[in-house]
Amino acid sequence: IRDLVRSRGLGDVYKRQTLRKGDFLTFKTEPDNPKDPKAVEVYFEDKKIGYIKKGHNEVFFGTQPDRLTMQVKAITNTPSFKELYVKISS
């Protein structure tokens, strides 16, 4: 999975500098999302930090999502754009 869609929550986590490579994240599908019925919300320490990009979220459907784990693989920290790369394992 390449990166998350930026959100206000992700910016807050960056400012606090609490999110680090290797941290585990949690997620939940959001089938009632009007923009994308396959939306996947991502959480760090019970705070929503964003969504998996559309197209990349397919991996969370058709499998048993409770068997998947999500871990921070890398974080880019450029002032103009921040990306979070995650590793999905089963």
Side-chain angles (χ1 to χ4, degrees):
I1 304 293
R2 182 165 177 263
D3 59 310
L4 301 176
V5 174
R6 292 193 303 172
S7 76
R8 186 176 312 230
L10 184 56
D12 293 344
V13 170
Y14 277 117
K15 285 178 192 171
R16 292 193 325 255
Q17 297 181 343
T18 56
L19 186 64
R20 291 182 167 57
K21 181 179 176 180
D23 285 344
F24 283 92
L25 305 171
T26 57
F27 63 90
K28 71 176 186 176
T29 58
E30 192 182 34
D32 296 331
N33 185 307
K35 293 184 180 181
D36 182 6
K38 291 191 173 182
V40 177
E41 299 172 307
V42 179
Y43 293 83
F44 177 65
E45 297 178 347
D46 297 324
K47 181 174 178 64
K48 183 168 135 183
I49 60 172
Y51 288 86
I52 296 292
K53 276 191 172 181
K54 195 172 188 174
H56 294 282
N57 56 2
E58 295 288 329
V59 72
F60 296 90
F61 293 86
T63 61
Q64 295 177 332
D66 57 324
R67 297 184 65 175
L68 298 176
T69 59
M70 184 183 297
Q71 190 173 20
V72 176
K73 183 177 178 182
I75 303 169
T76 62
N77 198 15
T78 57
S80 61
F81 191 72
K82 297 181 186 328
E83 292 181 311
L84 177 66
Y85 296 83
V86 295
K87 175 183 172 183
I88 306 299
S89 304
S90 60

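Numbers here are sequence positions counted from 1. Treat the numbers as computed from the prediction; the structure is a model and nothing was measured.
Checked by atom type and distance alone, the side chain of N57 pairs as donor or acceptor with a backbone atom of G55 at under 3.5 Å.
The line from CG of L25 to CD of E45 is 10.0 Å long, rounded to the nearest 0.5 Å. Note that the NZ atom of K87 and the OG1 atom of T69 stand 8.0 Å from one another [nearest 0.5 Å]. Distance check: N33 CG to Y51 OH gives 5.0 Å after rounding to the nearest 0.5 Å. In this structure, the separation between OG1 on T26 and CD on E41 is 10.0 Å, given to the nearest 0.5 Å. The CD atom of E30 lies 13.5 Å from the CZ atom of F60; values are rounded to the nearest 0.5 Å.
In this structure, V59 and V40 have side chains that are not in contact, with every pair of non-hydrogen atoms separated by 4.5 Å or more. The shortest distance between side-chain heavy atoms of I52 and F27 does not fall below 4.5 Å. Looking at heavy atoms from C-beta onward, V86 lies out of side-chain contact with V42 at the 4.5 angstrom threshold.
The two residues E58 and K38 have their closest heavy-atom pair at OE1-NZ, 3.2 Å.
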Check your understanding: Between M70 and I88, is a side-chain contact (heavy atoms from CB on, under 4.5 Å) present by the stated rule, with each step listed?
Key -> CA-CA 5 Å; M70 184 183 297; I88 306 299; 3.7 Å; yes

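Residues Y43 and Y85 do not share a hydrophobic cluster, defined by chaining ILVMFWY side chains whose heavy atoms lie under 4.5 Å apart.
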